[in-house]
Amino acid sequence: MKKQYACLVDSERCIGCFTCAMACRNYYHQEEGVVWREVYPLDEEIYPHRERAFFSLSCNHCEDPACLNVCPVQAYTKREKDGVVVHDQEKCIGCGNCIRSCPYGAPRYNPVEKRAEKCSLCHERLDADLQPACTQACPTGALSLVDLAAMEQTSQVQYPAGYPKMTQLNPSTRFILPKVPKMVRR
Amino acid sequence: MQSIEFPLVLFTVLSQAAIGIALMGAVRVAAGPDGGDAKRQWRMVAGLMVLGLIGSLFHLGHPLDAPDALKHLSTAWLSREVLFAGLFVGLAILAALIADKNGSAILSGAGALLGLAVILSTGMTYAPPAFPAVNNALPTVFFLVSAVTLGAGFASWFAGPGRQPLLARIFTSALIVGLVVNLVAPCVWLSGGEVMRMTGLAWFGSSLYWAHIAVMAASLAVIWKTRTIPMWLPILVLFGELVGRAGFFADTIHTAANMGGLY
Ligand code: SF4
Ligand code: SF4
């Protein structure tokens, strides 16, 4: 397998503090309402405990990206060297086709630029041997950058409940599921 | 798809009306001269298509860069749609200039083929994985049925008396198919995965959806009574298709709407 950078989302460690989402915002200063990374609470039907569990999600840098395939102006490229899917806003004509097509809701419309935009996994930082802003900021180590080609396969899952299963796209994000909390009865 | 997307509603419905008229033109030419006026009919096809294309530009953040949309023909159905729509409007303008009253088999055949290619590429563009309810052949079917209904309706304005019964039969059949498909699809979605089910419920709870159904049912009742297509009926059907298309865009649910929930 070729090198494929991905986010490993450890839901057992995530405390839903939104630091990752805030770090992204601090770094890129997106327009109001434009969000590249979101922290989604799991529904009670999936995780029915007083303690909550979360998925911190952004673009999944899919193996066969819907955004790239549907973009009529070829604004998207998948980098050979690390599999990161990069959006070139200069080329975008703001047709919204990628926004409609990505099942993970990663590309968003920037109403000021009138073009789409999304997380490109801080590829300039990766090129400078730095961590993406989100994984660097996570205080609990719940969000980390991994290379799927080198990662040891243990308990990670690709399609947990609460996340759309899109085998054709083959999203690169991996998850560690939250454990059932210990009940202490008095 | 969460918002009414007015420019897309205009483009898809007007272009499908134009393509439908071109399809009926091909049917009429194949059936022999009928005393109708093919030149005026091509003018209407070209006019509707130009209007639709102008409408579609309002959907782009950067309309002046629209020609760039031809750059990804290898995988993007939207690029193919732009190509085929461009060829179709070019042919319609040419035909409006050079065709005579009886029409030409070559122009009508080419128009019908290019029109079908536009419908297929539009259908595929609006069938992305993010909308499980329509991530299939349904958009193409919806669009083809709209094209045939509108096409038969408007073509009756230009056909001679000998062809009116044929057009009325096509119009009636397309209305019945449209009604059935539009009623059955959301019922099927109710037994699908969560986002499909949400889409079925959203369609059934939508006044846009029911207005479209009501217009189709009323048009069917009218044609049942009159047996030929009254002049005003295609206008009513056009209104119904515009409203129904607004519902298609506004009420079809995106997978991202349920993130963190069961799928
Ligand atoms: S998650 Fe969406 S935006 Fe990101 S690569 Fe996959 S299809 Fe493209
Ligand atoms: S909005 Fe921009 S990036 Fe997205 S499909 Fe359209 S042109 Fe491509």
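Numbers restart at 1 for each chain; the letters A, B, ... are given by sequence-line order, proteins then strands.
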A:Arg100 versus B:Leu8: any side-chain heavy-atom pair under 4.5 Å?
yes
Checking heavy atoms, do the side chain of A:Pro41, its backbone, both or neither come under 4.5 Å from chain B?
backbone
Can you tell which part of A:Tyr104 gets under 4.5 Å to a heavy atom of chain B, answering side chain, backbone, both or neither?
both
Part of A:Tyr47 lying under 4.5 Å from any heavy atom of chain B:
neither
Can you list the residues of residues 130-145 of chain A that sit under 4.5 Å from chain B, counting heavy atoms only?
none
With a 4.5 angstrom heavy-atom cut-off, is it the side chain or the backbone of B:Thr125 that approaches chain A, or both, or neither?
both
Side-chain donor or acceptor of B:His254 paired with backbone N/O of A:Cys102 under 3.5 Å
yes
Please confirm whether the backbone N or O of A:Arg115 pairs with a side-chain atom of B:His62, one donor and one acceptor, at under 3.5 Å?
no
Atom group of B:Leu64 that falls short of 4.5 Å from chain A, counting heavy atoms
neither
Go through A:Met166 and B:Thr255 one step at a time and tell me if the side chain to side chain contact (heavy atoms under 4.5 Å, CB included) criterion holds.
CA-CA 10 Å; A:Met166 294 286 157; B:Thr255 36; 3.9 Å; yes
Expected output: side-chain A:Ser101 to main-chain B:Pro128 donor-acceptor under 3.5 Å
no
Compare every heavy atom of A:Val70 with every heavy atom of B:Ala76, then report the nearest pair and how far apart it is.
CB-O, 3.4 Å
Hey, is the main chain of A:Cys71 close enough, under 3.5 Å, to the side chain of B:His72 for a donor-acceptor pair?
yes
